[in-house]
Each structure stands twice: as structure tokens, then as C-alpha cells.
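Written below as C-alpha cells is the structure these notes are about.
The sequence lines fix the lettering, A, B, ..., with proteins before strands; numbering per chain opens at 1. When reading the values below, keep in mind they use all heavy atoms of this one structure, side chains included, and skip hydrogens, waters and symmetry mates.
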Amino acid sequence: SLSEKLQATFKKLRGHGKLTEKNIQEGLREVKLALLSADVNYKVVKKFIEDVQQKAVGQEVLSSISPGQQVVKIVHRELVELMGESFRQPALAPAPPTVIMLMGLQGAGKTTAAAKLARRFKGERRNPLLVAADPYRPAAAQQLNLLAQQLNVACFIGAPGQTPLKTCRQALSQAKETAIEVVIIDTAGRLHIDEGLMAELTELKQALSPHYIWLVADALTGQEAVRVAQGFEQAVGIDGVILTKMDGDARGGAALSIRAVTGKPIKFVGLGEKLEALEPFHPDRIASRILG
Amino acid sequence: VRGQRAITPEILDEIEELLISADLGVNTSQTVIDYIQQELKRRELKDYLSIKNGIQERLLQIIGTNHNGLNLTATTAVIMVLGVNGGGKTTTIGKLAYRYQKQGKKVVLAAADTFRAAAVEQLKIWGQRSGAGVIGYQTGADPSAVVYDAATAAKARGADILIIDTAGRLHTKKNLMEELKKMKRVVGRCIPGAPHETLLVLDATTGQNAIIQARQFHQDLELSGLVLTKLDGTAKGGVAIGIVAELGLPIKLIGVGEGLDDLQDFDAQEFVSALFY
Ligand SMILES: Nc1nc2c(ncn2[C@@H]2O[C@H](COP(=O)(O)OP(=O)(O)OP(=O)(O)O)[C@@H](O)[C@H]2O)c(=O)[nH]1
Ligand SMILES: Nc1nc2c(ncn2[C@@H]2O[C@H](COP(=O)(O)OP(=O)(O)OP(=O)(O)O)[C@@H](O)[C@H]2O)c(=O)[nH]1
Ligand SMILES: [Mg+2]
Ligand SMILES: [Mg+2]
């Protein structure tokens, strides 16, 4: 593990003076390698190491813990701080319905996340409506509808081949006529470089004014997490992130990359395929996981 | 990394950034950097362009150029497709079915993802689009039973190719990996030698976890090849290089979009050149 490696690297520092740029060089290299192998983006790692170096240099070498542990503590604290505030329940809009729009790359877990969110809101006694706004993927609407049926929540499906905009408008007016408090829009997976499909999202945003637009991102994503997040942020704007497939053994460095480059909070984490597998995000847990 | 620049010390940092950013990972990037450093010492490289060519040559050596051709000589050739959730298995099968149907082959698809909502419906639509027949039951059915019935039907119908779609699963879930092993045994009992191809589908946006996925799937199911999907995005899929180096598995196919035609044979030279775009 990283802390074991750093223990070894810093053995000779024990009981000596201060942490200096020179004597923590090797240790910082270990941290860099740990973060890169955890899929944190290269540029994000570079900046993070510089920040840690600034915080660490000049510190007295404590006698109570080993220098390696001291550096790990600094790194861990910096990571947790960077990952942002611990979970805050998304506030509902003053006038219902609150509209949440999900977006992201193909296969990230949006449709499943939409259903998981519906389950959560239903559990909080907030009546949700799921909206199947993906007209492209084969059986996409059926997939969302089946999940809705499992949860016994409402699901709006537009006419086949209907544009997402039309489907969402119809869904929203239906929501306003019934006691729906939260509308959760599942959109089609798309590439951040697909101008036409990114414009579709922008159009949906302008027409529906969602209260929350959340990026659904796969925890297994590698270096490209930065470009993807930037693409969606610049084209549409991100309010928060849902990180899926955290039940695997991926270290999840994409979380750090996305947070560092967008400044937006990770709201929820997907921990499995079942609809109950959604949890609020804990910055300290992911920090430990990324460090490995 | 542009054309005729002279070599500077910053070059190694730039190379490291290029390779890491393409998801080659720390280990593979380091072997390439060590190689370039050694070539620089021997004054074998005189400018930027020669470094770029040196990197490409080294990577081509690592991954090799013999990747293609699915083994489809059996009377009823069986392709089993597996991988973690959302990687593009079902879509890849639709594209493959279309390719073979266009070649005049008779293709049957086994909808053996009996877990995920609308998985069978999704594959049935790909069946309609490609012209392939689909054998599938309701959610909750035993996936091995689907495999068995599909293999029996494929033989009875004189199908040339049977492609088995499986549910996405994380390699860390032992019981799900056991389920795949059982499906593989069952199809082998029904059609001797099957599956003739056991393909792991990897999403090109995946980071270093892809190596762990490949190791585990290979250990549990003995893969015959890899499929790298979503290369039409900005991800380079560089993690595949380390996988090929370690496991010696060929990359048979790549996915470059969501349509029926968006399937190509893997081209090592193109793949390596694309790292520099
Ligand atoms: N293990 C695990 N699997 C997940 C999780 N979230 C989603 N999945 C699975 O990932 C796969 C893709 O999920 P979808 O919800 O269809 O993804 P999507 O983003 O809607 O896909 P597109 O609409 O095609 O872009 C499915 O097999 C899901 O069951 C998770 O947190 N853990
Ligand atoms: N851009 C792009 N999208 C792709 C490619 N291959 C598949 N997809 C998309 O990725 C998403 C997931 O594809 P699926 O075929 O459902 O993936 P899967 O592995 O079968 O998913 P599960 O069965 O849920 O594990 C869909 O939106 C596909 O259209 C590709 O090569 N390029
Ligand atoms: Mg979806
Ligand atoms: Mg599938």
C-alpha cells in the first residue's frame, strides 16, 4: 500500500528536523505513482503534488508518527479537502416539480441511476416521475419502464421516435397536473465531442430549466475523465456528479479528476446493479480508496 | 510532440504525459521511456520526429501486428461475448451479426442476459436490424438454459454462427464469474469445441482497471481475444497495450460508433499512430 511504501521511503527521516523539498522528493514520487495508477488525470496529479509539497515542506518531523505516515496524513487531508463537502441532501424546488436531468457517456449507468434516484425519492415520500428521453438506444424506454414498474413509480414514455424535447415537455405538463414532486429525466448516452447531441442537451436545458443537471460517470474511467467532464460542463453545465460502479475494484481516480476540473460535488455513488445500491458520497472514503 | 524540434530535457516529461494521458499506465509508459532514454544515450535519435517514430516502433513491438481473424471454421462456430457492465457487448454482437449476415452466413443470437431489464428486447432489436435470429426467454430464466437451447436450435437450423450475449458483470463477483464458467461448459457439451471464440469487450474509456478485468476474465474463462469499443470518442484505449503485453491476447475488433456498420478489424499501426493525435 502507499502508506507502507512511504514508511519505507522515509525511514531515515525519523527524528530529524524538518520535512524539506529534498527529503520528501522520493515520497512524493511514490504518491504521484499511486495517484496515476489509480487513474487520476496526469495534470491533476501534477498540480496536486505541487500543492502537497507546499503544505509539507517546512513542517517539523513529528516524533509521534513516522515521517512516512506524516506525509500520508497530509496527502489524505489534501485529498479529502479537494473532494469537497460531505453529502448534502439536494434541496427541492420551492414550487414542484423539481426537475433533475441526467447525462453522460454511453453505458455510464444513467438509466439505472435514474431508477435508483426515483427509489430514493419515493422512500422520502416525494412522488417521482421517471422520463424516458432516450429515443435512440434499442429498448431504452422499455428498460426504464421495467425498472419503474419494479419500484411502482410512474414512468413517462413518449411516442416512438419522438424527440426528447417533446417527450420532456409532455412529461413536465403531466407532472404538473398530478402530484409529482420530482421529475427525473434519463437521456441518451452521448460523446462530449458530438456537437449535435450536446446541442440537444443544451436545448433541453433551455426549454425545461432543470433544477439539477447531474453528470453520470463510470468510476472505471481513465485519463479521459477530465476531457469528458470539461466537455459536458462547457456545453451544458454540471451541478453535480453521480459516480457509478464503485462496487468493483477500480480505485476511482476519475472522481478526483472530475472534481478538480469542474469544482462540482459528487452527490451519489452507485454500488451495484440493484436499485437499492445508491449511497450519498463520502469524500474521506474515496480518498482512502484512491490512495490504495 | 511535433516535427522538427531539437531534443530537450523536457522531452521525457512530455513523452510521459502523452503516454499516461493515453491510458498506457505507469508501467508500460516507463518501459517506453526507458527505451527512448537508452536510444537518446546512444544518439540514435536526432529530433522529435525520430522520437515519435521510436515510440511507435516500440509500441508495435510490444503489441505485435497479428491480431485478426475470428476462428469460424466449425460447422456451427460459437462466439461468446463477455465483459463488465455497459462496455458495449450487446451492441457489438448486433454489429457482428450484421457483418456475417451480409457475408451470406446464417447467424443465431443467444439472449443469455437474463438479468438486466430489457436486455432480451434490446438484443431482439439488433436481431431485426441485422437479420439474425434471436433465442431468448424472460428475465430471471437460467442463462445456461438459454445457452443450451440456443446452441441446440442453432445446430438444428444449420446456423453458421452462434453468438452468445451475456449479462455485464464485474470481475470481482465470484458467483457471476462461476455463472459464466457454467455457460461456457454447457455450450461446449452441446457443440464440441464451443465456444470457438471467447471475447472480452473493453470500453476504451476505462483506465487501469481494464488490466485487472482482463486478468480475471482470462483466468476464469480463458479468453481468445479482446474487443475495444467506443474508440470514436477521445479515449485512446492505451491500457490495451499492457494487456496484450501481459496476456498475449489479440485485439480482434474495435467499436467506432453505435450503428450496425461501426465495427472494424483492429489495426495495430493505426492504433499506435492514433496515440499521437
Ligand atoms: N456493478 C454495477 N453496475 C452498474 C451500476 N450502475 C449501472 N450498472 C450497470 O451498468 C450497465 C449500464 O447501465 P445503464 O443504466 O444501461 O447505462 P446508461 O448510461 O443508461 O447507458 P446508455 O443509455 O446506453 O448510455 C448495466 O448493466 C447496469 O446494470 C453500478 O453502480 N454497479
Ligand atoms: N460511441 C460508441 N458507443 C457505443 C459503442 N459500442 C456500444 N456503444 C454504446 O454503449 C452503450 C452500452 O452498450 P451495450 O451494448 O448495451 O453494452 P453492454 O456491455 O451490453 O451493457 P450491459 O449488458 O448492460 O452490461 C449503448 O449506448 C451503446 O450504443 C461504440 O463503439 N461507440
Ligand atoms: Mg440508458
Ligand atoms: Mg448487454
Side-chain angles (χ1 to χ4, degrees), chain A residues 32-34 36-43 45-46 105-112 115 136-150 188-194 217-228 231 244-245 247-254 257 272-273, chain B residues 13 16-27 29-30 84-91 94 115-129 139 167-173 203-210 212-213 216 229-230 232-239 257-258:
Chain A
K32 172 184 167 185
L33 292 180
L36 288 178
S37 60
D39 290 324
V40 183
N41 178 270
Y42 187 87
K43 288 204 167 88
V45 172
K46 207 156 176 230
L105 292 181
Q106 292 89 345
K110 297 174 293 300
T111 304
T112 310
Y136 313 112
R137 169 174 158 149
Q142 280 161 290
Q143 183 186 3
L144 189 65
N145 198 28
L146 282 166
L147 296 177
Q149 285 173 4
Q150 282 177 30
R190 68 204 63 216
L191 297 175
H192 50 299
I193 53 170
D194 186 324
D218 193 326
L220 285 73
T221 310
Q223 293 288 311
E224 220 51 26
V226 162
R227 271 229 214 125
V228 172
T244 63
K245 306 177 202 171
D247 45 316
D249 54 4
R251 300 261 291 281
S257 303
E273 294 193 71
Chain B
D13 285 343
E16 180 186 59
E17 178 168 352
L18 178 87
L19 298 175
I20 297 276
S21 301
D23 282 316
L24 266 72
V26 167
N27 293 342
S29 302
Q30 197 55 52
V84 305
N85 309 75
K89 299 176 290 301
T90 305
T91 307
F115 171 77
R116 209 208 68 214
V120 175
E121 289 83 342
Q122 183 186 8
L123 189 69
K124 286 206 161 140
I125 293 174
W126 283 110
Q128 290 165 9
R129 288 180 180 180
T139 305
R169 68 205 63 217
L170 295 180
H171 50 289
T172 47
K173 317 224 160 154
D203 186 328
T205 65
T206 308
Q208 298 309 299
N209 193 255
I212 306 179
Q213 292 173 25
Q216 193 63 51
T229 61
K230 308 181 196 174
D232 47 315
T234 53
K236 309 286 185 178
V239 65
E258 302 188 69

Handout entry: Short side-chain donor-acceptor distance under 3.5 Å, A:Asp39 and B:Asn209
Key =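 No, no side-chain donor-acceptor pair sits under 3.5 Å.
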Handout entry: Residues A:Gln106 and B:Glu258: side-chain donor-acceptor under 3.5 angstrom
Key =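 Present: a donor and an acceptor within the cut-off.
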Problem - side chain to side chain donor-acceptor pair (under 3.5 Å) involving A:Gln149 - partner list, sequence neighbours excluded - result: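 Residues passing side chain to side chain donor-acceptor pair (under 3.5 Å) with A:Gln149: none at all.
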Side chain, backbone, both or neither: which part of [X] has an atom under 4.5 Å from a heavy atom of chain B?
| X | result |
| --- | --- |
| A:Ile193 | side chain |
| A:Lys32 | side chain |
| A:Arg251 | neither |
| A:Lys46 | neither |
| A:Leu33 | both |
| A:Leu144 | neither |
| A:Asp194 | neither |

Exercise for the section: Only counting residues at least two apart or in another chain, list the ones meeting salt bridge (Lys or Arg N to Asp or Glu O under 4.0 Å) with B:Lys89. Expected result: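 Testing B:Lys89 for salt bridge (Lys or Arg N to Asp or Glu O under 4.0 Å), a comparison that skips the adjacent residues, returns none.
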Exercise for the section: Name the option with the most non-hydrogen atom pairs under 4.5 Å to chain A; the candidates are B:Asp203, B:Leu170, B:Ile20. Expected result: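 Maximum pair count with chain A is reached by B:Ile20.
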Problem - Top of B:Lys173, B:Arg169, B:Arg116 for chain A proximity - count of heavy-atom pairs under 4.5 angstrom - result: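 Looking at each option in turn, the highest pair count goes to B:Arg116.
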How many angstroms lie between [atom1] in [X] and [atom2] in [Y], if you round to the nearest 0.5 Å?
| X | Y | atom1 | atom2 | value |
| --- | --- | --- | --- | --- |
| B:Glu121 | A:Leu146 | CD | CG | 6.5 Å |
| A:Leu105 | A:Lys110 | CG | NZ | 7.0 Å |
| A:Tyr42 | A:Ser257 | OH | OG | 14.0 Å |

Problem - Residue of the set B:Thr234, B:Asp23, B:Leu24 for which side chain to side chain contact (heavy atoms under 4.5 Å, CB included) holds with A:Gln223 - result: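 The residue from B:Thr234, B:Asp23, B:Leu24 that satisfies side chain to side chain contact (heavy atoms under 4.5 Å, CB included) with A:Gln223 turns out to be B:Asp23.
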Practice task
Report the option among A:Leu191, A:Asp218, A:Val226 that has the most heavy-atom pairs separated by less than 4.5 Å from atoms of chain B.
Solution key: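 Of A:Leu191, A:Asp218, A:Val226, A:Leu191 has the most heavy-atom pairs under 4.5 Å with chain B.
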Exercise for the section: Answer with side chain, backbone, both or neither: which region of B:Glu16 has an atom nearer than 4.5 Å to a non-hydrogen atom of chain A? Expected result: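 Both backbone and side chain of B:Glu16 come within 4.5 Å of chain A.
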Problem - Side chain / backbone / both / neither for B:Asp232 at chain A, heavy atoms under 4.5 Å - result: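 Contact with chain A involves both backbone and side-chain atoms of B:Asp232.
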